[in-house]
Amino acid sequence: MRARLATVAVLAVGGAMLSATPAHAADIAANSGFEDGLTGWSCSASSGAAAVSSPVHTGSKALQATPAGSDTARCQQVVAVKPGSSYSLSAWVRGGYVFLGAAGTGTTDVSTWASSPSAYTRLTQTFTTGPSTRTVTIYVNGWYGQGAYQADDVVLDGPPGEGQAPPAPTGLTGTGGVTTATLRWNAVEGATGYNVYRGGTKVGAVTGTTYSENPPPGSHQYQVTATNAAGESSRSTAVPVTVGNDQPPPPPAPTGLTGTATGLSVALKWTASPTATGYNLYRGGAKVATVTGTSHTDVTPAAGSYTYQVKAFHTSGVESGGSNTATVRTEGTPPPRNRLLIGYLHASFANGSGYVRMADVPNEWDVVNLSFGEPTSVTSGDIRFRQCPAAECPNVESEAEFIAAIRAKQAAGKKVLISIGGQNGQVQLTTAAARDTFVSSVSAIIDKYGLDGLDIDFEGHSLYLDNGDTNLANPTTPVIVNLIAALKALKAKYGAKFVLTMAPETFFVQLGYQFYGPGPNGAADRRSAAYLPVIHAMRDDLTLLHVQDYNSGPITGLDNQYHTMGTHDFHVAMTDMLLAGFPIMGNPNNVFPALRQEQVAIGLPAAPWAGNGFTTVAEVQKAFDCLAKGTNCGPYKPKGVYPNLRGLMTWSINWDKYNGFEFSRSHRAYLNGLG
């Protein structure tokens, strides 16, 4: 899960606090942040080098490599440079001993090192190339017997050499009008053209340093790259541009709204509104559909009396006033949904996807997780939740409207939960006092908003296992023991109707097939599979487990093969581990037992820009077919067929709306067809 970009600070070796430093204007190293895996880098054969999703300094990936024997786990890159020129080399590193250097400079080769096992610290060196030097080799490596190290943002700042892609553009700014977004940036030395990206998708190519287009109304994230005959640079810093601020007047309100009920269905019709390009339909004040025509059939959640209004909008997205009100009574019992769609709603912050009001959450969603409740400090246990402030989310509803919309969703059979954690919400219940504060503060949020339960989305360093804590059923690490006790207390307080869900990353669950905590020699990451004892302890009370099958490195499945995110095979392999069970660290005497089928859903990004590992609709449905029906399977063959697999989770409802509701509408129809 990714909440939003945060200001990052790390401790340097001497203990001084340094703010994260942005990439230099003329970074000429390829794939500096390892966002494209190891592309551009060459690593020693026995280093086990890989781009990992945690811990990172910036972005979503960092390099991790492990010295073995006489191999220091060096990763290096040959960079084209100009003779007789000055360069600055820097990197953010983490580990026992990590070295950064440049070789083949033609003058004096340079290197430096740091020891920073628990936090990233920055290394820097400068050098001047010799009069005939046209390439240098930059490198990072660890040291003998020191365990894994991480490196990120390896920057070589200086003029590019011949035959090398240019550095990323700087100074990108953007302005938005009624219908137009305009971008400007600084010229880049050695560039012959520029590519423009909106929301991660290329939308234009120009030779100058300005670009204009007419995107859909709303807020958009833009980036620019520089190109030449040798290739394309990395992307610039993203800038937001909002189009449609100076909006024309809304269209007239529709008229003549009528509704006719047949069972639980209501056929609605109205008269077209001049200049309108679409219509939003409201039931009881909550939006239930958006259509382009002048009719719609709504299916009500239960028998009863319902009021409807319709509002028109045009290309700016501005709504008209409401039409006349149509009151309709329906009869019958809605069929239960056996398959669930679970989505996270950005309720406390805004980002590039835009804010979505609770009342506007589409009917396709069965479980809505309010994101996020966060602690006042990492170890306080004091969880707070606030709605997105109006300065950040101009269209945020009032608290009274927010609570009323929650009640309306619940009346329609939906579950609304508070999700704790996220990317920025590190929660470590290291003491009994923190445990008790967690219970009381989470209860206060649930009671204030009348929520149905709790979602645990602990990421980063929230959970870990101490040395010697190897008994799945009887953990001893305080952060694990106290979290289990807190969840049991909340379950006891609210009773059988309390909904408990969890959204761990694969690193904290399926990685347990290979690693569990620090391991027998204490050298592994102690966060490895740290969710397993919590899941195991709560398995009788756990409503849903939806592991994030994204923002993940390659994970070994039960076939002892690595599986990579973004393919249907990855989802099949990861889900099969939960439904078949697996031996922890391959030990047949220490097994994580299978969960019940109805407890498991597959976690996915809603759109390509919502998280790494996006999987197309077709590939997701092939994976579900394989697991639930035993058809459409790829190379990985699951241990069984799981007809009661519960459904799909996504990050997020907001990104789904931004992407035209592709996730919810496509997968809701598919899941309904399964029965």
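This is a predicted model, so every value here is computed, not measured.
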Look at the side chain of Asn632 and the backbone N and O of Cys626, then say whether any donor-acceptor pair between them is shorter than 3.5 Å.
-> no

Side-chain donor or acceptor of Thr543 paired with backbone N/O of Leu500 under 3.5 Å | yes

Cut-off 3.5 Å, side chains only: do Ser32 and Asp153 have a donor facing an acceptor?
-> no

Does the side chain of Glu459 come under 3.5 Å of the side chain of Gln426 through a donor N or O and an acceptor N or O?
-> no

Approximate separation, where rounding is to 0.5 Å, of Arg596 CZ and Leu544 CG = 10.0 Å

Salt-bridge criterion met for Asp466 and Arg526 (N-O under 4.0 Å) | yes

Under 4.5 Å between any side-chain heavy atoms of Met538 and Ile535, yes or no?
-> no

Could you check Thr430, Thr379, Val427 and say which one makes a side-chain contact (heavy atoms from CB on, under 4.5 Å) with Val479?
-> Thr430

Is there a side chain to side chain contact (heavy atoms under 4.5 Å, CB included) between Ile584 and Tyr513 once you walk through the steps?
-> CA-CA 5 Å; Ile584 296 173; Tyr513 186 52; over 6 Å; no

Heavy-atom donor-acceptor pair, Asn551 side chain to Asn612 backbone, under 3.5 Å | yes

Taking side chain as C-beta onward, heavy atoms only, is Val617 less than 4.5 Å from Glu662?
-> yes

Do the side chains of Leu465 and Arg527 get nearer than 4.5 Å, heavy atoms only?
-> no

Separation between CZ of Phe570 and NE2 of His563, rounded to the nearest 0.5 Å | 9.0 Å

Short side-chain to backbone donor-acceptor contact, Glu35 and Ser60, under 3.5 Å | yes

Just by distance, with hydrogens left out, do Ser443 and Lys493 show a side-chain donor and acceptor under 3.5 Å apart?
-> yes

Any side-chain heavy-atom pair of Lys637 and Cys633 under 4.5 Å | yes

Any side-chain heavy-atom pair of Tyr516 and Ser528 under 4.5 Å | no

Locate the shortest heavy-atom distance separating Asp152 from Lys61; write the atom from each residue and the value.
-> OD2-O, 3.3 Å

Give, for atom NE2 of His568 and atom CD of Glu619, the distance between the pair rounded to the nearest 0.5 Å.
-> 6.0 Å

How many angstroms lie between OG in Ser42 and CD in Gln77, if you round to the nearest 0.5 Å?
-> 10.0 Å

Derivation and outcome, side chain to side chain contact (heavy atoms under 4.5 Å, CB included), residues Phe458 and Val534 | CA-CA 11 Å; Phe458 285 9; Val534 180; over 6 Å; no

Heavy-atom donor-acceptor pair, Asp71 side chain to Ala73 backbone, under 3.5 Å = yes

Say whether Asp625 and Thr631, considering side chains only, have a donor N or O and an acceptor N or O under 3.5 Å apart.
-> no

For Ile602 and Leu627, run side chain to side chain contact (heavy atoms under 4.5 Å, CB included): C-alpha distance rounded to whole Å, both residues' side-chain angles, the deciding distance at 0.1 Å, then the answer.
-> CA-CA 11 Å; Ile602 302 173; Leu627 290 160; 3.9 Å; yes

OH of Tyr97 to OG1 of Thr72, rounded to nearest 0.5 Å, is 15.0 Å

Mind telling me whether His346 and Trp655 have parallel, tilted or perpendicular rings, with 30° and 60° as the class edges?
-> perpendicular

On the 0 to 90° scale, with breaks at 30° and 60°, tag the Tyr344-His546 ring pair as parallel, tilted or perpendicular.
-> perpendicular

Report yes or no: does Lys409 contribute a side-chain atom to a donor-acceptor pair with the main-chain N or O of Val361 at less than 3.5 Å?
-> yes

Would you check, one step at a time, whether the test side chain to side chain contact (heavy atoms under 4.5 Å, CB included) holds for Phe624 with Tyr670?
-> CA-CA 10 Å; Phe624 213 100; Tyr670 168 78; 3.3 Å; yes

Side chains of Thr567 and Asp569: is there a donor and an acceptor less than 3.5 Å apart?
-> no

Between Thr39 and Asn31, a side-chain donor and acceptor under 3.5 Å = no

Determine, step by step, whether Gln428 and Ser462 satisfy the side-chain hydrogen bond (donor to acceptor under 3.5 Å, both in side chains) criterion, reporting the C-alpha distance in whole Å, the side-chain angles of both residues, the deciding distance to 0.1 Å, and the verdict.
-> CA-CA 5 Å; Gln428 294 179 354; Ser462 293; over 6 Å; no

Smallest heavy-atom separation, Gly557 atom then Met577 atom, equals CA-SD, 4.1 Å

From CA spacing to verdict: side-chain hydrogen bond (donor to acceptor under 3.5 Å, both in side chains), Ser419, Asn369 | CA-CA 6 Å; Ser419 181; Asn369 292 326; 5.6 Å; no

To the nearest 0.5 angstrom, please state how far the CD1 atom of Ile456 sits from the CG atom of Leu483.
-> 5.5 Å

Please examine the side chains of Trp92 and Val154, heavy atoms only from C-beta on, and report whether any two atoms are closer than 4.5 Å.
-> no

For Arg384 and Gly373, indicate whether the former's side chain and the latter's backbone hold a donor-acceptor pair under 3.5 Å.
-> no

Should Trp609 and Phe614 be marked as a ring pair (Phe, Tyr, Trp, His ring centres under 6.0 Å) after you check the CA-CA gap, both sets of side-chain angles, and the distance that decides it?
-> CA-CA 8 Å; Trp609 39 85; Phe614 173 74; 8.1 Å; no

Of all the heavy-atom pairs spanning Val641 and Ala628, show the shortest one and how long it is.
-> CG1-O, 3.4 Å

Heavy-atom side-chain contact between Met574 and Thr506 under 4.5 Å | yes

Are any of the side-chain heavy atoms of Val140 and Leu63 separated by less than 4.5 Å?
-> yes

List the atom of Leu645, the atom of Leu579, and the distance in Å for their closest heavy-atom pair.
-> CD1-CD1, 4.1 Å

Nearest heavy-atom neighbours spanning Ala623 and His571 | CB-CB, 4.0 Å

Are any side-chain N or O atoms of Asp452 and backbone N or O atoms of Val416, one a donor and one an acceptor, separated by less than 3.5 Å?
-> yes

Look at the side chain of Ser441 and the backbone N and O of Gly381, then say whether any donor-acceptor pair between them is shorter than 3.5 Å.
-> yes

Do the rings of His667 and Phe663 sit parallel, tilted or perpendicular, given the 30° and 60° boundaries?
-> perpendicular

Please test Thr477 against Asp469 for side-chain hydrogen bond (donor to acceptor under 3.5 Å, both in side chains), starting from the C-alpha separation and ending with a verdict.
-> CA-CA 7 Å; Thr477 307; Asp469 189 353; 2.6 Å; yes

When you look at Trp651 and Tyr550, which way does the ring pair (Phe, Tyr, Trp, His ring centres under 6.0 Å) test go after all the steps?
-> CA-CA 10 Å; Trp651 177 259; Tyr550 51 97; 8.3 Å; no

Distance flag, aromatic centroids of Tyr449 and Phe385, threshold under 6.0 Å | yes

Modelled atom types, side-chain donor and acceptor of Ser118 and Arg94, under 3.5 Å = no

Is Arg646 salt-bridged to Asp366, cutoff N-O under 4.0 Å?
-> no

Do Asp576 and Tyr636 get their side chains close enough for a donor-acceptor pair, meaning under 3.5 Å?
-> yes

Side-chain donor/acceptor of Asp382 to backbone N/O of Pro375, under 3.5 Å = no

Indicate whether the side chain of Asn141 and that of Tyr149 have a donor and an acceptor atom separated by less than 3.5 Å.
-> no

